[in-house]
Each structure stands twice: as structure tokens, then as C-alpha cells.
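By convention in this document, chain letters (A, B, ...) are assigned in the order of the sequence lines, proteins followed by strands, and residues within each chain are numbered from 1.
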There are 2 protein chains.
Amino acid sequence: MNLNDTLFRLKALGVKVTPQRQEILEVLLGEERYYSAEEILKKVQARYPAVSFDTVYRTLNLFKKLGLVVELNFQGGYRRYEFNHADRHHHHLVCLKCGRSQKLACCPTDCLAGIEEENPEFAITGHSFEIYGYCKDCRGQVK
Amino acid sequence: MNLNDTLFRLKALGVKVTPQRQEILEVLLGEERYYSAEEILKKVQARYPAVSFDTVYRTLNLFKKLGLVVELNFQGGYRRYEFNHADRHHHHLVCLKCGRSQKLACCPTDCLAGIEEENPEFAITGHSFEIYGYCKDCRGQVK
DNA sequence: TCCTAGATCAGATTTATTCCGATTTAGGTA
DNA sequence: TACCTAAATCGGAATAAATCTGATCTAGGA
Ligand SMILES: [Mn+2]
Ligand SMILES: [Mn+2]
Ligand SMILES: [Zn+2]
Ligand SMILES: [Zn+2]
């Protein structure tokens with residue numbers, strides 16, 4: 001999924017393609033990692049200084065609804081966003097000290113299948129699976 | 001783990017046992033589910049009307065540090081707390097509409113074992129695994 | 001080129017959590 | 001049992017994240 005595909009998809013959905021939305025997408029697509037709302041704002045403001053937090057949040061929530069973006073609520077209350085490379089579903093190993101994370105290959109599909117089967121009346125829309133701890137750099141300096 | 005065991009453990013750790021702390025524990029131990037900070041405050045105030053949010057949050061953070069309480073950060077940013085029945089590790093099926101949840105029996109231990117093995121330099125302290133969607137009552141009325 | 005629904009901006013508002021200074025108290029000591 | 005003090009609590013102020021509001025602007029269709 002690149003920028004042009006995504007913009008095409010937005011148009012197909014009848015969603016207006018504004019410079020702000022386009023720039024937010026470019027940020028999210030630029031480096032494959034997650035961002036805080038503030039990081040996104042700062043990066044977008046490098047090109048469009050007048051962009052407001054409101055626009056960032058509205059856009060992220062829109063993209064979330066359209067399935068373009070995933071919102072991650074990490075332990076400690078950190079909220080992060082990343083582009084939803086639909087074909088690259090994954091989870092995270094998150095350092096509680098420095099906040100850096102790495103992608104994980106494993107997804108608990110067997111658990112999920114069992115849960116789905118045992119709860120047919122529940123409409124599952126997603127799941128989270130994150131592993132927390134302290135990375136090599138941080139494990140020594142934990143308070 | 002009952003109230004007396006827990007109070008004993010607090011004393012052993014050199015932590016003061018105040019009526020407020022005791023009441024918060026009673027709330028958490030009363031019904032095996034999770035609570036918002038505000039729910040806890042309201043319940044504690046039923047007996048001690050002067051208790052403040054500050055005390056609730058400080059106590060929850062203390063208990064969290066001591067491993068007595070688990071903080072859950074659900075999708076959407078909802079933060080909840082539950083007593084850490086250490087022998088009853090579990091995960092949740094959470095309704096995004098009404099917020100109710102049910103415990104799940106499955107825990108992705110095989111994933112976890114693999115991740116631990118593949119990342120020996122990372123000190124894992126915990127993990128989250130939550131399944132989101134819409135419960136029977138809510139699946140019809142999703143906006 | 002014009003029109004308008006929808007998007008943006010700037011700042012106010014709301015809500016969750018933490019901080020702060022004054023006061024109280026749990027639990028140790030004599 | 002009567003102090004003593006470090007730690008805990010209270011009440012309200014401060015902070016921070018996210019949303020709302022109303023005025024203005026604009027993307028994209030006619
Ligand atoms: Mn990721
Ligand atoms: Mn639970
Ligand atoms: Zn780290
Ligand atoms: Zn529900």
C-alpha cells in the first residue's frame with residue numbers, strides 16, 4: 001500500500017483529499033513505525049505550519065474508521081498510531097523505559113480461533129497483543 | 001489471595017496500612033472484575049466520603065508497582081484496574097460499545113515462549129492480549 | 001467558474017491524572 | 001501508653017490529551 005493507492009482509495013470512498021490528509025499519510029507511510037499524535041503534528045507542520053491538533057486527531061480517527069490506520073493503546077496510557085499495512089498484521093515488543101518497539105512475527109491465531117468459536121454471539125472486530133518489558137539498553141537502569 | 005493475606009503482605013513490605021488503602025483493596029477484592037478509578041472512588045467514598053482522587057490514583061499506582069493490581073489500557077483509551085489474582089492470569093473479550101467484558105481462558109503461551117526465546121536480551125515483564133468487538137446486546141446498534 | 005458540503009483553524013472546553021502545600025496519621029520507639 | 005516522624009491524605013490547583021465550537025476556507029462536482 002503506497003501513497004497513490006491510498007489516495008485513490010480515499011477518493012473511491014468519497015472522502016475529500018486535502019493537503020493536510022495527504023501529508024499525514026506521507027508521514028505515516030514514510031517510516032514503518034508508529035507515531036504519537038504530537039509527532040505527526042510536528043512533522044506535518046514542517047510543511048504546513050498552520051495545521052492544528054484538531055485536524056490531526058480528526059484525520060487519524062477518520063483513517064482509523066476506514067481501516068487505514070491502527071491505534072495502539074500501550075500500557076501506561078501511551079497512545080500511538082501506525083499505518084495499517086493490511087497485509088502485514090503484527091504485534092509489538094515494547095520497552096517500558098524508552099518506548100521503542102520492535103515488530104513480532106507471532107500472532108495468537110489459535111487462541112483467536114478458539115475464542116471466536118466459543119463466542120459466536122460476539123462480533124469480533126480486532127485484537128491487541130503486546131509484550132512489555134525492558135530492552136537491552138534499558139534493562140540495567142530500571143528504577 | 002484474600003484481604004488479610006494482602007494486608008499482611010503490605011506490612012511485610014513496610015507499607016503503611018491505612019483505612020483508605022484497605023477499603024480500596026476491599027473494593028477490588030469484592031467482585032472479580034475491573035474498575036475505573038472513578039468507580040473505585042465512588043465505592044470508597046460510600047464509607048469514607050472525604051477520600052480524594054489523588055489517594056485513589058496514588059494507591060492504585062502503588063499497588064500496581066507491588067504487583068497487587070493490574071492496569072488495563074483498552075482500545076479507545078479506557079483505563080481500568082483489577083486485582084491481580086496472580087494464580088488466575090487471564091485476558092478479556094471487550095465490547096467497544098458498552099464496555100462490558102468477559103474473561104477468557106486462552107493465553108497465547110506458545111507465542112510468548114517463542115518471543116522470549118528469540119529475544120533473550122529483552123527482559124519481558126508482562127503482556128496484554130485483549131479481543132475487541134461488539135457483544136450480543138450491542139452488535140445491532142453499532143453506528 | 002461557481003457552489004456547497006465538508007474540512008480546517010484557533011482557541012475554548014472537557015476530562016483524566018498528577019502535583020502541591022497544609023494537615024493528619026500509622027506505626028515505631030522510649 | 002505517650003510521643004515522634006516519615007509517610008499518607010486532603011482539597012484544590014495545575015497539567016496534558018483529546019474533543020468541541022463557530023467562523024472561515026476549500027475540494028471537487030455541476
Ligand atoms: Mn507496528
Ligand atoms: Mn479481568
Ligand atoms: Zn528500552
Ligand atoms: Zn456491548
Show every salt bridge (charged side-chain N to carboxylate O under 4.0 Å, His left out) that has at least one partner inside residues 122-131 of chain B, sequence neighbours left out.
none
Inspect the contact between B:Arg88 and B:Glu82 and indicate whether a charged nitrogen and a carboxylate oxygen are less than 4.0 angstrom apart.
no
Would you say the side-chain atoms of A:Tyr134 and B:Thr125 include a donor-acceptor pair closer than 3.5 Å?
no
Between atom OH in A:Tyr81 and atom P in D:dA17, what is the gap in whole Å?
12 Å
Residues 66-81 of chain B vs salt bridge (charged side-chain N to carboxylate O under 4.0 Å, His left out), sequence neighbours excluded, gives B:Lys64-B:Glu71, B:Glu71-B:Arg79
Roughly, in whole Å, what's the span from CG in A:Leu72 to P in D:dA17?
17 Å
Any Lys/Arg nitrogen of A:Lys43 or A:Glu26 sitting under 4.0 Å from an Asp/Glu carboxylate oxygen of the other?
no
Sub-6.0 Å ring centroid separation between B:His92 and B:Phe129
no
Once you round it to whole Å, what is the distance between P of D:dA18 and CG of A:Asn61?
10 Å
Which pairs pass salt bridge (charged side-chain N to carboxylate O under 4.0 Å, His left out) with one or both residues in residues 44-63 of chain B, sequence neighbours excluded?
B:Glu23-B:Arg47, B:Asp54-B:Arg58
Rounded to whole Å, CZ of A:Phe53 lies from C1' of D:dA17 at a distance of 8 Å
Does the side chain of B:His91 pick up a donor-acceptor pair with the side chain of B:His127 at under 3.5 Å?
yes
Side-chain heavy atoms nearer than 4.5 Å, only ILVMFWY residues, links allowed to pass through others: does that put B:Leu10 and B:Phe8 together?
no
B:Leu41 CG to D:dG11 P, straight-line distance once rounded to whole Å
11 Å
Readout for nucleotides 1-9 of chain D: B = base within 4.0 Å of protein heavy atom, S = sugar-phosphate only, - = neither; 5' to 3' it is -----BBSB
At a 4.0 Å cut-off to heavy atoms of chain A, the contacted part of DNA chain C spans C:dA5 to C:dA10
Output the rounded distance in Å from NZ (A:Lys65) to C1' (D:dT19).
13 Å
In dot-bracket form, how is DNA chain D paired, counting a Watson-Crick or G-U wobble pair only if both its distances are under 3.5 Å and using | for bases paired to another strand?
||||||||||||||||||||||||||||||
Whole-Å distance between D:dA27 C1' and A:Lys11 NZ?
10 Å
No-hydrogen, no-angle side-chain donor-acceptor test under 3.5 Å, A:Gln102 and A:His90:
no
Are A:Tyr34 and A:Phe74 an aromatic pair by the rule of ring centers under 6.0 Å?
yes
